[in-house]
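Take a look at the structure set out below.
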Amino acid sequence: MCDAPRAIFDVAVDIRVGSPTYGEWVGEELGLWRMGDSCWSQRVSSMAFLTLLPDTEVQYKCTDYYAPDCDGGVRWDSLPIAWPLAFGSAPVLSGKDAIAPEFF
């Protein structure tokens, strides 16, 4: 077992309208260069991550080609996700994430 530092906090949110777990989330800290350290998410979930180390790269494995018309986003603080942020700090957001709508 490798004690590699944790590189990201990875989150999946259930976005299936009508689901008994609609809006619920799960999060997991994933390690740096650990074999098998990954998360699998179904197509009906929304994914997000927070990098915990500088210069972190994230790779996604997908089951289909990227479809920009199906791409969306949710405002990072519109769900009660326990983001592991330092007290009083705010994340650095991409332009797309900065204008994402709230989750409803």
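What you see below is based on every heavy atom in this structure, not just the backbone, and it leaves out hydrogens, waters and symmetry mates.
Considering only heavy atoms from C-beta on, Trp76 comes within 4.5 Å of Pro91 through its side chain. At a threshold of 4.5 Å between non-hydrogen side-chain atoms, the residues Phe103 and Ile81 do not count as touching.
Of all heavy-atom pairs spanning Gly73 and Pro101, the tightest one is O-CD, 3.6 Å. The shortest non-hydrogen separation linking Ser78 to Arg75 is OG-O, 2.8 Å. Of all heavy-atom pairs between Ala12 and Met47, the closest is CB-SD, 3.6 Å. Looking at every heavy atom in both residues, Ser19 comes nearest to Asp14 through OG-OD2, 2.8 Å.
In the hydrophobic clustering of ILVMFWY residues, with side-chain heavy atoms under 4.5 Å counting as a link, Leu93 and Val74 come out together. Placement of Trp25 and Tyr22 within a single hydrophobic cluster is found when ILVMFWY residues are connected by side-chain heavy-atom separations under 4.5 Å, directly or transitively. When the side chains of ILVMFWY residues are joined at heavy-atom separations under 4.5 Å, either directly or via intervening members, Leu79 and Leu85 end up in a single hydrophobic cluster.
Note that the CG atom of Leu52 and the CD1 atom of Ile8 stand 8.0 Å from one another [nearest 0.5 Å]. To the nearest 0.5 Å, atoms CZ (Phe9) and OG1 (Thr51) are separated by 13.0 Å.
The side chain to side chain donor-acceptor pair (under 3.5 Å) contacts involving residues 85-100 comprise Asp71-Lys96, Ser94-Asp97, where partners must be two or more places apart or lie in separate chains.
Side chain of Ser46 to backbone of Val13: no donor-acceptor contact under 3.5 angstrom is found.
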